[in-house]
Amino acid sequence: MEKKHSETKMFILLFLCLAALYLVALGHWGLLDPDEGRYAEIPREMLERGDFVTPKLNYVDYFEKPILHYWATALSLKVFGLKEFAARLFPALSALGGLILTYILGRKMLDEKAGLLAGAILGTNLLYFAIGQINIIDMPLTFFLTLSITGLWFGIRYERRTFAIFYLGMALALLTKGLIGVVLPGGILFWWIVLTRRWDVIKKSLYLPGIMLFFLIAAPWFVAVSIKNPDFPYFFFVREHFLRYTTKIHGRYEPWWWFIPILLVGFIPWAGFLPKALAKAMPRTLKNMQPLDEDKLFLLLWFLVIFVFFSLSDSKLIPYIVPVFPPLALLSSHHIMYSSFQEKGRKNKLPGLFINIGAALLFGLALIAYPFFDEHYGPAVLLPYSLPPAIALIGYGIFSIFSYLRGSKKALLAGMVAFAFLFTAALKPIFGFYGQIMSSKHLATVLEKVLSPTDLVAQYRTYDHSLSFYLKRRIALVDYLGELEYGAKKAKDDDWFLDMGSFINKYWNTDKRVILIMRAGEKIKLPQRSKNPITIYRDDRRVVLANQE
């Protein structure tokens, strides 16, 4: 009992360190366009308009995602103000919540040490940390899926009433990103029942209080938004689910194998353990499995159902794969903890260790080399960002070798966790670099000095979502619709979505002061008898013109 208390205290210490890592300096860089700007601007407009049913972006209907992420972000913005920290807080807390759930599941499924290591692995890998630092929907989705699947496992193994957590997680995941919040946990349950032949779980999982809880949480908003917007069901369920998954409608097609390298790179500095960990999770037989074999099969299906689902989709983005990281952390932890190692003269054996060391060293060297091949920024700019994580990875690899040769598994694990933490911490400044090149924060600061409340701000052939957030105003779009096409056509608002001719006649050639923003290098041809543009700002990304001083 005393030993368990000690290991629980170790997890609390680990969690506090990771919480500091995830939360400190969370608001020290500008919102990244387009995604962070979008997921901050929609909640800002909700607060401004007082409408928490119909999400709008640049003041037109935006139905691509459900409501929960917007609600949570709006609450954070209300409490902490219109700041980057507030915009990113919900995903960061979701990432930390995922660490807790992974520890709890590992502790119950395996033991205290395996749960502790699983939490450390999850919190210190590249992609999970990165997605936990930016304001997008995928980390909250990962948390709610993990919550649902954790409730599923507890419901199967322990009391039936814990299936309520299974249904709660699905409802919240549905409100976060749509039907995959139900399809993925349901798919895991289906295949686990089929492969284990545990038919009794069918009846057990149809837990009426849980089903009622699901509809009580998930249904009200879908009903309300559909009543208020009769076009919502078709757009959301048909276009944004069925057509997005089965067609190239959003131009995000990648080959079926695309997520494999993403997974291997994203799981650094623990990626080398994955092949063996997955292989050891494969059951030798599906008959008469022991509980631990069923549990490993459960984790394997958790990974496979989600991984295969997104691999078969015609729409792929890097963050889609993050929900597979909790089961991979648990499988990796089990593999590492229960592999033999040199102790009292026994032969060294930790399969995957040297693959992991090689991957860490190789990626570290790549981080050092990359700035010298980058033609845009070069080593003078990039090395200060890439060198610290590279040094941490090289230290991780070298320390692992020495610990292995000394035969101390305890020292090896402690050192790997410590260097993985240093590697993750060293990634933090890189977000600041991207904040310089992918955010409109600096541009907004410049514009605020010259804008008056009556000026019109317009963008030509582009739309910087974060610019709306920072300027707290609507932006007219010229020769551009993008993802706002559906809302713009529905609104039929010709004053804010214009072709160049209409823009010139309605605004540019009038007495109204107009600020026009365009991409650097973009060529614009103003019609004859147009006011001559005055350049008031220019940088590597944008050029700002005005029709008068």
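Computed from a prediction, not measured in an experiment: that's the story for all the values here.
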S.K.: When you measure from the side chain of Arg461 to the backbone of Met518, do you find a donor-acceptor pair of N or O atoms at a distance under 3.5 Å?
M.R.: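 Absent.
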S.K.: Less than 3.5 Å apart, any donor N or O on the side chain of Ser502 or Asn505 sitting next to an acceptor on the other?
M.R.: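 No, no side-chain donor-acceptor pair sits under 3.5 Å.
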S.K.: For Arg38 and Tyr62, does a side-chain donor sit closer than 3.5 Å to a side-chain acceptor?
M.R.: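 Yes, a side-chain donor-acceptor pair sits under 3.5 Å.
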S.K.: Can any side-chain N or O of Lys228 pair as donor or acceptor with the backbone N or O of Val53 at less than 3.5 Å?
M.R.: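 It does not hold such a pair.
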S.K.: Would Phe363 and Leu126 count as a side chain to side chain contact (heavy atoms under 4.5 Å, CB included) if you check the C-alpha gap in whole Å, the side-chain angles of each, and the deciding distance to 0.1 Å?
M.R.: CA-CA 11 Å; Phe363 194 73; Leu126 173 60; 4.2 Å; yes
S.K.: Show me the donor-acceptor pairs within less than 3.5 Å that the side chains of residues 136-146 make with the rest of the protein, sequence neighbours left out.
M.R.:
{"from": "Asp138", "atom 1": "OD1", "to": "Lys177", "atom 2": "NZ", "distance (Å)": "2.8"}
{"from": "Thr142", "atom 1": "OG1", "to": "Asp138", "atom 2": "O", "distance (Å)": "2.8"}
{"from": "Thr146", "atom 1": "OG1", "to": "Thr142", "atom 2": "O", "distance (Å)": "2.7"}

S.K.: Check whether the ring centres of Phe469 and Tyr39 lie less than 6.0 Å apart, and answer yes or no.
M.R.: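 Not under 6.0 Å, so no.
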S.K.: Evaluate the ring planes of Trp221 and Phe232, with Trp represented by its six-membered ring, and classify them as parallel (under 30°), tilted (30 to 60°) or perpendicular (over 60°).
M.R.: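 Perpendicular: the ring planes of Trp221 and Phe232 meet at over 60°.
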S.K.: Give a yes-or-no answer on whether the side chains of Asn135 and His69 include a donor-acceptor pair shorter than 3.5 Å.
M.R.: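 Side chains of Asn135 and His69: pair found under 3.5 Å.
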S.K.: Keeping Lys65 on the side-chain end and Leu175 on the backbone end, is there a donor-acceptor pair under 3.5 Å?
M.R.: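 No, because the side chain of Lys65 does not come within donor-acceptor range (under 3.5 Å) of the backbone of Leu175.
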S.K.: Indicate the ring-plane relationship of Trp29 and Phe431, choosing parallel, tilted or perpendicular according to the 30° and 60° boundaries.
M.R.: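 Aromatic pair Trp29/Phe431 classed parallel.
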S.K.: Got a donor-acceptor contact below 3.5 angstrom from the Asn547 side chain to the Trp508 backbone?
M.R.: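 At least one qualifying donor-acceptor pair exists.
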S.K.: Is it true that Glu36 and Arg88 have a side-chain N and a carboxylate O under 4.0 angstrom from each other?
M.R.: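 Yes, this pair counts.
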S.K.: Restricting to non-hydrogen atoms, name the atom on Ser452 and the atom on Arg473 that form the minimum distance, rounded to 0.1 Å.
M.R.: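 Minimum heavy-atom contact is O-NH2, 3.3 Å.
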S.K.: Centres of the Phe63 and Phe236 rings: under 6.0 Å?
M.R.: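 Judged by ring-centre distance (under 6.0 Å), Phe63 and Phe236 do not meet the cut-off.
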S.K.: What do the steps show when you test Tyr396 against Phe423 for ring-ring contact (aromatic ring centres under 6.0 Å, His included), and what is the final call?
M.R.: CA-CA 8 Å; Tyr396 176 95; Phe423 164 69; 8.3 Å; no
S.K.: Does one side chain, of Tyr470 or Glu41, offer a donor that lies under 3.5 Å from an acceptor on the other?
M.R.: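 No donor-acceptor contact under 3.5 Å links the two side chains.
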S.K.: Give a yes or no on whether the backbone of Phe267 and the side-chain of Asn125 come within a donor-acceptor separation of less than 3.5 Å.
M.R.: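 Checked: no pair found.
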S.K.: Starting at CG of Asp479, measure out to CD1 of Ile524 and round the result to the nearest 0.5 Å.
M.R.: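 Reported to 0.5 Å precision, the distance equals 8.5 Å.
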S.K.: Using the ring-ring contact (aromatic ring centres under 6.0 Å, His included) rule, collect all pairs that involve residues 472-497, keeping only residues at least two apart or in two chains.
M.R.: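 Listed once each, the pairs are Phe235-Tyr486.
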S.K.: Identify whether the distance between the nearest side-chain nitrogen and carboxylate oxygen of Asp539 and Arg541 falls below 4.0 Å.
M.R.: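 Between Arg541 and Asp539 there is no salt bridge, as every charged N stays at least 4.0 Å from the carboxylate O atoms.
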S.K.: Can you give me the closest heavy-atom contact between Ile475 and Ser468, atom names plus distance?
M.R.: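 Taking Ile475 first and Ser468 second, the nearest heavy atoms are CD1-OG, 3.5 Å.
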S.K.: Tell me whether the rings of Tyr385 and Phe433 are parallel (<30°), tilted (30 to 60°) or perpendicular (>60°).
M.R.: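 Rings of Tyr385 and Phe433: tilted, 30 to 60°.
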S.K.: Indicate whether the side chain of Asp61 and that of Thr54 have a donor and an acceptor atom separated by less than 3.5 Å.
M.R.: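 No pair is found: no donor N or O on one side chain lies under 3.5 Å from an acceptor on the other.
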S.K.: Does the side chain of Glu45 pick up a donor-acceptor pair with the side chain of Tyr70 at under 3.5 Å?
M.R.: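 Tyr70 and Glu45 do not have a side-chain donor-acceptor pair below 3.5 Å.
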S.K.: With side chain to side chain contact (heavy atoms under 4.5 Å, CB included) as the test, would you mind laying out the steps for Tyr128 and Leu99 before giving the verdict?
M.R.: CA-CA 10 Å; Tyr128 188 88; Leu99 301 180; 3.9 Å; yes
S.K.: What is the distance from atom CG of Leu484 to atom CG of Leu57, rounded to the nearest 0.5 Å?
M.R.: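 Leu484 atom CG to Leu57 atom CG measures 5.0 Å (nearest 0.5 Å).
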S.K.: Run the numbers on Tyr434 and Gln436 for side-chain hydrogen bond (donor to acceptor under 3.5 Å, both in side chains), then give the verdict.
M.R.: CA-CA 5 Å; Tyr434 279 106; Gln436 297 174 30; over 6 Å; no
